[in-house]
Protein chains: 2
Amino acid sequence: MRISELSRRSGVPNATIKFYLREGLVPPGRATSATQAEYDEGHLRRLRLVRALISVRGLSVSAAKEVVGSLGEVEGDTYELLGLVFGVWPGADGNGPAGSGGGEGRGGGEDHDEGEDADVDALVAELGWDVTEFSPARKTVTQTLNTLRNLGLDCGWRDLVPYARLAERTATLDLDQIEGPDDPLEKAERAVLLTFLLEPALLALRRLAQESEAAARYRDQGLP
Amino acid sequence: MRISELSRRSGVPNATIKFYLREGLVPPGRATSATQAEYDEGHLRRLRLVRALISVRGLSVSAAKEVVGSLGEVEGDTYELLGLVFGVWPGADGNGPAGSGGGEGRGGGEDHDEGEDADVDALVAELGWDVTEFSPARKTVTQTLNTLRNLGLDCGWRDLVPYARLAERTATLDLDQIEGPDDPLEKAERAVLLTFLLEPALLALRRLAQESEAAARYRDQGLP
DNA sequence: CTAATATAGATAGTGCCACTCTCCAACTAG
DNA sequence: CTAGTTGGAGAGTGGCACTATCTATATTAG
């Protein structure tokens with residue numbers, strides 16, 4: 001098919017597809033001549049995935065590129081492959097390096113954001129998790145802990161342990177979901193879908209559950 | 001204190017504080033004359049919160065305004081108050097209305113994004129949750145489900161039930177954390193902190209857990 | 001064959017957003 | 001008195017995600 005059909009079937013404007021092609025989010029079509037190229041179902045599929053990552057999950061174009069890029073380099077075994085997928089870390093959003101949340105306390109401490117993962121190390125050790133030292137998710141946890149303390153809550157890594165146990169079970173569900181296909185490529189794509197696209201839904205479920213739990217605890221209870 | 005001290009102690013540039021004041025993210029100081037105003041610890045606290053919501057959580061300025069705005073209108077009982085906080089829904093990111101993820105299938109279905117929460121209704125009923133019909137989180141779940149189906153996964157609301165059960169327990173932890181303070185205002189602020197700032201960390205924990213679980217299942221296993 | 005339409009690829013432009021800069025008329029510290 | 005700060009307002013900046021235009025072909029309807 002040509003670009004217009006791709007556009008019609010995906011709902012993505014013609015010009016935007018060209019933009020994604022230029023940015024490398026979608027691989028180029030098979031050129032049939034100087035000004036003609038042929039696209040297939042794979043392109044359509046990729047286009048839909050990119051669209052979902054950007055508009056549903058809210059990834060930036062460059063983050064989405066990294067994510068789908070990891071899909072293109074499937075070479076090793078399943079473990080390596082999933083490591084590649086899970087290792088990609090376009091933050092909780094499109095954020096780059098945001099420092100450590102700014103603001104030294106009244107004492108005037110220094111800002112150092114290198115190393116300093118002592119909290120996460122302890123947490124990981126306590127949980128018995130098997131994660132590399134380079135997972136980008138580490139610094140997200142560190143930063144959150146720092147920020148919360150910065151805002152006056154006295155919380156440490158121990159407070160995260162119960163949350164981490166639940167995350168563990170969530171991850172088990174995730175991995176169960178990708179057991180299905182034998183094809184490593186399909187496994188990888190499914191991992192991307194579940195990891196990234198489920199994120200907004202998981203947060204939404206937490207909100208609904210909070211609402212429900214708050215109703216159970218505090219409704220018809222008057223002022224505390 | 002005056003604006004420069006606010007800036008020094010928060011690490012937020014002078015001009016940015018002025019911008020936040022203009023946008024209403026931080027309340028105006030107590031004016032002592034035509035060109036002088038006085039700020040207090042409350043302003044500093046608010047400024048740090050706003051900064052965290054924007055740079056750690058990745059909220060847009062307008063979303064952050066909504067969130068902190070809800071803190072200013074504490075009037076009713078604890079239930080109402082938490083409803084106000086939890087009800088604020090600046091999506092999974094700074095996204096506005098992103099349609100239903102674009103793209104009709106090959107059949108050429110129509111896009112309707114009104115109502116259509118049948119899936120979520122069933123899910124909520126199954127879970128026995130007590131949530132209003134107007135929670136913005138509802139359409140996030142609906143949209144995710146639609147998007148996943150659109151991408152070729154055959155998944156329904158039933159697949160979310162186990163995730164929802166875990167969300168339920170996460171919410172229980174959350175509500176436990178805000179039991180502490182008796183002051184409704186402090187409860188509300190804590191709810192904001194836990195709800196929004198913990199989100200990146202929860203997702204990061206899930207990633208780490210995925211990595212660890214993948215290692216346990218697939219490492220040293222060769223090609224599938 | 002011609003004419004109308006479509007296409008790939010490149011370049012430039014648009015709109016939004018989160019700041020950031022520049023001014024100016026008051027202040028205020030030394 | 002003078003130098004430096006402040007609050008306030010408006011304009012300017014840079015990044016990002018597209019979007020529009022242009023050109024040299026290609027295809028296709030007649």
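Lettering of chains follows the sequences in order, A, B, ..., and the numbering in each one begins at 1.
Between A:Ser33 and A:Phe19, the residue anchored closer to the 5' end of DNA chain D is A:Phe19, taking for each the nucleotide with the nearest heavy atom.
Residue contacts for A:Ala37: at a heavy-atom cut-off of 4.0 Å it reaches the sugar-phosphate backbone alone, with no base atom in range.
A salt bridge does not link A:Arg2 with A:Glu5: every distance from a Lys NZ or Arg NE/NH1/NH2 to an Asp or Glu carboxylate oxygen is 4.0 Å or more. Between A:Glu211 and B:Arg138 no salt bridge is recorded (no basic side-chain N to carboxylate O distance below 4.0 Å).
If you take CG of B:Leu6 and P of D:dG8, they are 13 Å apart, rounded to a whole angstrom. Going from atom OH of B:Tyr39 over to atom P of D:dG8 covers 6 Å, rounded to whole Å. Nucleotide C:dA18 holds its P atom 11 Å from the CZ atom of B:Arg51, rounded to whole Å. Distance, B:Glu23 CD to D:dA9 P: 12 Å, rounded to whole Å.
Comparing D:dC18, D:dA9, C:dA26 by their closest approach to the side chain of B:Arg22 singles out D:dA9. Of the candidate nucleotides C:dT28, C:dT7, C:dC21, C:dC21 has the atom lying nearest to any side-chain atom of B:Ala15.
Distance alone, capped at 3.5 Å, places no donor-acceptor pair between the A:Ser212 side chain and the A:Leu208 backbone.
Applying the 3.5 Å distance criterion, the base of C:dA8 shares a donor-acceptor pair with the side chain of A:Lys18.
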